[in-house]
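The structure appears right after this line, and notes come after that.
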Amino acid sequence: MKRVITYGTFDLLHYGHINLLQRAKALGDYLVVALSTDEFNWNEKQKKCYFSYEERKRLLEAIRYVDLVIPEESWEQKKTDIHEYHIDTFVMGDDWKGKFDFLEKEGAEVVYLPRTPEISTTRIKEDLGPDS
Ligand code: C2G
């Protein structure tokens with residue numbers, strides 16, 4: 001059983017996220033998604049989510065490619081997650097290319113997948129505008 005992990009905020013879930021999750025799952029048999037908590041998003045990424053952690057978790061758990069959702073509470077937890085969840089492959093979109101190569105030292109394959117270029121949560125918010 002090949003186990004894969006990926007991390008993210010996944011706010012205003014869109015097909016770019018689904019493309020990533022589908023390709024991540026295709027790299028193994030079991031996909032863990034570490035979902036950024038509201039506190040981590042605000043304190044570390046200055047992101048204010050539209051949906052709460054619990055709402056975002058519920059959405060991810062409804063996706064056929066996702067087997068387990070865990071909280072992402074710190075940048076540092078990736079190293080321990082690799083061991084705690086017996087991860088073979090770590091996956092992120094290529095906007096993070098190179099940033100997590102150090103995880104190879106923990107015994108995980110590190111894979112960066114091309115982002116879906118034309119869609120983003122930021123773009124959705126901009127297109128909907130302030131009055132939406
Ligand atoms: N993504 C993508 N295509 C898009 C938008 C996002 O492939 N059009 C990917 C991102 O590259 C990322 C995942 O979907 O791998 C989740 O994206 P975000 O929710 O924006 O995650 P991010 O804020 O980058 O958080 O510790 C890592 C961070 O938690 C990643």
Side-chain angles (χ1 to χ4, degrees):
M1 154 111 52
K2 200 166 172 208
R3 300 165 68 90
V4 183
I5 196 167
T6 191
Y7 293 72
T9 300
F10 296 98
D11 194 27
L12 296 187
L13 198 64
H14 55 69
Y15 64 89
H17 296 134
I18 301 300
N19 288 345
L20 188 285
L21 295 169
Q22 180 177 21
R23 287 175 291 160
K25 179 60 176 283
L27 293 173
D29 310 289
Y30 188 88
L31 176 60
V32 180
V33 179
L35 179 62
S36 309
T37 61
D38 297 332
E39 297 75 17
F40 180 70
N41 270 313
W42 182 245
N43 297 334
E44 299 298 326
K45 298 193 267 185
Q46 290 71 50
K47 282 188 175 183
K48 181 150 179 27
C49 291
Y50 182 82
F51 289 125
S52 70
Y53 174 80
E54 285 308 321
E55 290 161 338
R56 290 182 284 118
K57 181 172 185 283
R58 176 139 166 66
L59 285 161
L60 282 177
E61 287 172 340
I63 298 170
R64 68 174 62 189
Y65 310 118
V66 177
D67 296 289
L68 176 67
V69 179
I70 63 170
E72 178 185 30
E73 300 169 297
S74 73
W75 294 108
E76 296 73 27
Q77 74 178 76
K78 293 182 177 68
K79 284 177 74 170
T80 48
D81 289 346
I82 297 282
H83 300 291
E84 187 175 344
Y85 295 93
H86 312 290
I87 298 300
D88 301 289
T89 304
F90 168 92
V91 176
M92 287 302 296
D94 61 4
D95 47 319
W96 292 92
K97 192 166 180 57
K99 298 287 194 304
F100 301 116
D101 294 353
F102 63 87
L103 291 171
E104 286 170 353
K105 286 198 287 296
E106 304 304 323
E109 177 194 16
V110 175
V111 176
Y112 301 103
L113 297 172
R115 278 174 70 93
T116 304
E118 75 281 0
I119 183 79
S120 69
T121 303
T122 307
R123 168 139 184 222
I124 294 170
K125 289 178 179 175
E126 285 167 359
D127 287 357
L128 289 175
D131 306 327
S132 60

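All ligand and atom numbering here is 1-based and tracks the order in the structure. Hydrogens, waters and symmetry mates play no part in the numbers below; they use all other heavy atoms, side chains included.
For the pair Arg3 and Tyr30, the cation-pi test (distance below 6.0 Å, angle within 45°) is passed.
Applying the salt bridge (charged side-chain N to carboxylate O under 4.0 Å, His left out) criterion to Lys47, with sequence neighbours excluded, gives no partner residue. Tyr7 pairs by the ring pair (Phe, Tyr, Trp, His ring centres under 6.0 Å) definition with Phe90, not counting sequence neighbours. Residues that satisfy the ring pair (Phe, Tyr, Trp, His ring centres under 6.0 Å) test with His83, not counting sequence neighbours, are absent from this structure.
The residues lining ligand 1, counting any heavy atom closer than 4.0 Å, are Tyr7, Gly8, Thr9, Phe10, His14, Gly16, His17, Leu20, Ser36, Lys45, Lys47, Glu72, Trp75, Lys78, Met92, Gly93, Asp95, Trp96, Arg115, Thr116, Ile119.
The two residues Glu44 and Trp75 have their closest heavy-atom pair at OE1-NE1, 3.0 Å. When all heavy atoms are compared, the tightest approach of Met92 to Leu20 is C-CD2, 4.3 Å.
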